[in-house]
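Here is the structure we will look at.
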Amino acid sequence: MAANKHNGFTNLGIGIGLRIPHYEHILSKKPLVDWFEIISENYMLDAGRPLQMLDQILEQYQVIQHGVAMYLGSAKGLNKEHLRRLKALIKRTKTPFLSDHLCWGSVDGTYSHDLLPMPYTFGAATVMARRIREAMDMLEVPICVENVSSYAEFHQSQMTEWEFLTEVVEQADCGILLDVNNIYVSSQNHNFNPMDYVNGVPHERVGQIHIAGHSQFEKYILDTHDHPVLDPVWKLYARAIELCGPTSTLLEWDAHIPPFEEVHREALKARKFLDVVEAQKPNKAPARVPTGSGCEAS
Amino acid sequence: MKRRKKNAGAAARSKPPLEPPLAARRPKPPSRVASQGELLELQRSMLAAICRPLTPSFHMQQHWVDGSPMKAYAAKFMKPNDRLGSFERLEIYNRQYWFRLLDCLYEDFPGLQAILGEQKFNALGRAYLTRYPSNSFMLRNLGERLEQFASQEPRWLGRHKRLGSDMIRFEWGQIVAFDEPALEPILAEDIAEANPAKLRMSLQPYVVLLELAYPLDEFSVALKKQQSVRTEAGEAERQHAGVKAPVPLPKPQPTLLAIHRVDNSVYYKRLEPAAFTLLNELRQGRTLLQACAAAAEPELSPEKMAASFRDWFAIFAQLGWLCRRQTSGIKR
């Protein structure tokens with residue numbers, strides 16, 4: 001199930017986010033890493049060192065593109081220049097699919113550079129699904145949309161986030177990048193059971209999974225990507241791959257970045273969970289579980 | 001630290017905050033989101049609030065643009081929970097927005113911060129981003145209009161108007177030199193074989209020519225050196241070793257500079273006045289003959305001038321600075 005049309009029929013194993021402090025280590029030591037994920041916008045340039053580094057990485061490794069600024073949920077539509085540069089980058093990386101977020105972030109040409117939550121309404125889902133289809137048509141690669149961490153909810157919402165995500169991806173016929181850390185962060189900020197979320201999404205559409213660390217504040221949790229993955233998130237991950245099958249998994253570590261080996265070691269902790277699921281093959285992964293039937297993550 | 005905050009507060013009280021363009025339009029949050037138009041209005045309402053400047057104590061402003069309580073505005077679309085009200089939830093995004101973008105400006109303009117000091121740099125950054133919020137999907141372009149803003153409102157540069165303005169152009173020039181495209185270069189032989197009365201060429205988009213009133217190349221190198229000593233030694237060792245801060249501000253000294261890149265590293269190159277004029281003229285579309293005529297120094301003999309031109313073109317060609325003119329502009 002994990003290799004599907006939404007991820008270009010790939011199951012890449014365990015990857016880590018490509019970050020500048022690790023360039024030298026990767027290029028000189030050539031560590032064994034299944035794949036790297038890049039932030040597309042960091043390489044949507046005409047020339048210069050970032051592209052030189054990327055080309056050297058591409059000689060050795062599979063690279064998957066992950067975007068942060070397509071803003072598929074922005075009401076005013078997609079930025080054509082963004083898509084043009086993204087397409088040029090796809091040609092360079094040959095990424096079999098790409099991902100961006102279930103969010104918006106710009107209005108009338110003003111950019112927030114943030115991943116802002118959507119109002120969970122049928123109207124908004126229709127708008128977003130249309131944008132995703134437009135993007136897939138233009139880019140000619142499958143797209144997986146990632147659930148974001150959020151700190152706010154709208155009065156106008158009509159459904160849960162996972163119902164909204166399902167509505168969007170089914171209308172758009174696209175994939176899901178399931179970020180189990182984001183699910184945990186949002187569950188704590190909005191008082192829902194994170195297992196309901198993991199159980200409630202269409203598992204056959206999950207093309208990739210993100211894991212990461214976060215920071216606990218007095219009244220909310222912030223998605224900081226600056227810590228090792230915490231136990232409740234590993235529990236959600238275990239459940240996700242039980243339901244989705246072995247799926248390409250990526251550790252995000254974006255702030256206070258430790259040495260490469262430490263990040264890689266943390267990512268490889270996913271292996272023991274994947275091994276359990278692999279051992280259960282060829283058992284068919286279970287169908288989608290009704291909301292409310294999961295166990296507590298924490 | 002306390003003193004800095006007090007000063008920041010006083011400065012903010014004396015200058016009422018501007019309103020970013022989105023907030024100035026006073027969007028109204030819709031009661032439902034069933035259509036694209038209603039989604040647009042909700043997004044305008046939220047982003048308008050997020051882009052508004054923070055208070056001096058780094059919190060969301062207590063009043064909306066029309067003077068009504070911000071709590072009431074936030075409550076129109078933000079749902080509270082058992083720990084945070086609508087105001088507090090919206091404030092998380094308002095703070096994240098400013099912290100992220102100001103951090104980015106700090107990264108792109110460290111020299112300007114060294115000149116103005118943290119407090120004044122912060123005030124400039126807030127005023128700039130309020131007037132000119134980001135209009136690009138790439139944070140790389142965040143400082144693109146800072147020079148324009150500083151020329152419109154030089155008061156934000158305090159007593160360092162020319163130095164600050166030069167530093168903005170110098171630091172933005174490094175961003176351009178870092179990643180602008182490289183076109184196919186023109187070789188020295190091509191130039192030698194061409195008719196100078198007809199040959200028009202240009203400079204690589206990544207070559208930035210600057211006429212500065214201060215030697216900012218030297219100042220920037222000194223700042224970087226100090227920063228690297230700080231990073232390597234750590235603060236305690238730095239103090240123990242007697243490494244002094246800050247680097248003295250440069251004294252005025254007319255400086256003609258090219259910022260460029262070689263093997264993807266950014267370099268600065270000082271230029272003689274005639275060489276600077278020559279490059280500028282070529283960039284503006286003059287023929288080789290016209291550019292040389294504009295750059296020629298009357299006090300030099302034609303033979304000496306010709307020798308200088310030959311030397312310069314050899315260097316420019318070796319560096320790959322010269323390229324064919326583009327019939328269409330390169331838009332970023």
Side-chain angles (χ1 to χ4, degrees), chain A residues 41-53 67-71 73-77 79 81-82 85-86 104-114 116-124 126-128 130 150-158 188-191 217-220 222, chain B residues 20-22 25 27 29-44 46-48 50-51 75-79 81-84 86 88-90 92-93 96-97 100-101 104 133-140 142 177-182 205-206 261 263-265 330-332:
Chain A
E41 284 75 9
N42 291 346
Y43 301 91
M44 286 160 60
L45 306 163
D46 293 306
R49 185 172 292 279
L51 289 178
Q52 181 193 29
M53 290 293 138
V68 293
M70 198 157 26
Y71 294 143
S74 282
K76 275 241 168 160
N79 181 320
E81 174 64 6
H82 185 281
R85 286 181 176 271
L86 195 53
W104 65 282
S106 63
V107 179
D108 300 326
T110 295
Y111 282 77
S112 68
H113 300 283
D114 202 346
L116 302 174
M118 295 292 291
Y120 305 135
T121 71
F122 291 101
T126 300
V127 171
M128 190 163 190
R130 192 163 62 230
S150 65
Y151 317 101
E153 298 165 287
F154 295 98
H155 288 300
Q156 289 83 349
S157 288
Q158 298 169 311
Q188 301 303 296
N189 290 338
H190 306 315
N191 299 326
F217 289 82
E218 192 187 341
K219 292 183 177 176
Y220 60 96
L222 201 60
Chain B
L22 263 178
R25 286 157 70 173
S31 58
R32 59 175 203 160
V33 179
S35 67
Q36 186 176 332
E38 287 162 349
L39 178 64
L40 180 60
E41 276 312 297
L42 182 72
Q43 293 179 345
R44 280 180 175 148
M46 184 165 173
L47 192 56
I50 289 172
C51 293
K76 288 178 184 167
F77 56 100
M78 285 275 113
K79 202 169 160 184
N81 69 5
D82 54 352
R83 286 157 287 160
L84 295 167
S86 305
E88 287 80 14
R89 295 186 112 182
L90 187 56
I92 294 171
Y93 288 100
Q96 280 195 159
Y97 171 84
R100 176 179 293 114
L101 296 199
C104 185
S134 173
N135 65 356
S136 167
F137 51 86
M138 290 169 78
L139 276 169
R140 178 260 190 214
L142 191 65
F178 183 70
D179 60 19
E180 281 288 314
Y206 63 79
R261 69 169 182 259
D263 292 338
N264 288 315
S265 292
I330 298 154
K331 192 165 178 261
R332 286 204 61 88

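Just so we're on the same page: letters track the sequence lines, and every chain starts at 1.
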Looking only at heavy atoms and a cut-off of under 4.5 Å, which of B:Asp82, B:Asp263, B:Leu47, B:Leu142 has the most pairs with chain A?
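If we count pairs closer than 4.5 Å to chain A, B:Leu47 comes out on top.
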
So which of B:Glu38, B:Arg32, B:Met46 has the biggest tally of heavy-atom pairs under 4.5 Å with chain A?
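Most heavy-atom pairs within the cutoff with chain A belong to B:Met46.
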
May I ask you to decide if [Y]'s main-chain N or O and [X]'s side chain share a donor-acceptor pair within less than 3.5 Å?
X        : Y        : value
A:Gln156 : A:Thr121 : no
A:Glu41  : A:Val68  : yes
A:Arg85  : A:Met44  : yes

Among A:Gly105, A:Ser74, A:Ser106, A:Ala69, which residue forms the greatest number of heavy-atom pairs with chain B at distances under 4.5 Å?
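Ranked by contacts with chain B, first place is A:Ser74.
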
Could you tell me which portion of [X] (side chain, backbone, both or neither) has an atom closer than 4.5 angstrom to a non-hydrogen atom of chain A?
X        : result
B:Ile50  : side chain
B:Arg261 : side chain
B:Asn81  : side chain
B:Gln43  : both
B:Leu90  : neither
B:Ala75  : backbone
B:Ile92  : side chain
B:Ser31  : backbone

Please verify the inter-ring angle class for A:Tyr220 with A:Phe217; under 30° counts as parallel, over 60° as perpendicular, anything in between as tilted.
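A:Tyr220 and A:Phe217: parallel rings.
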
Report, as yes or no, whether the 6.0 Å neighbourhood of atom CZ on B:Arg83 holds more than 12 heavy atoms from other residues, nucleotides or ligands.
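Correct, the count exceeds 12.
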
Checking heavy atoms, do the side chain of [X], its backbone, both or neither come under 4.5 Å from chain B?
X        : value
A:Asn79  : side chain
A:Ser150 : both
A:Met118 : side chain
A:Leu222 : side chain

Would B:Arg25 and B:Glu41 pass as an ion pair if we require N to O under 4.0 Å?
no

Compare all side-chain heavy atoms of B:Leu22 with those of B:Pro133 and state whether any distance is below 4.5 angstrom.
no

Least distance between heavy atoms, [X] atom then [Y] atom:
X        : Y        : result
B:Arg89  : A:Tyr151 : NE-O, 3.2 Å
A:Arg130 : B:Gln36  : NH2-OE1, 2.7 Å
A:Lys76  : B:Leu40  : CG-CD1, 3.4 Å

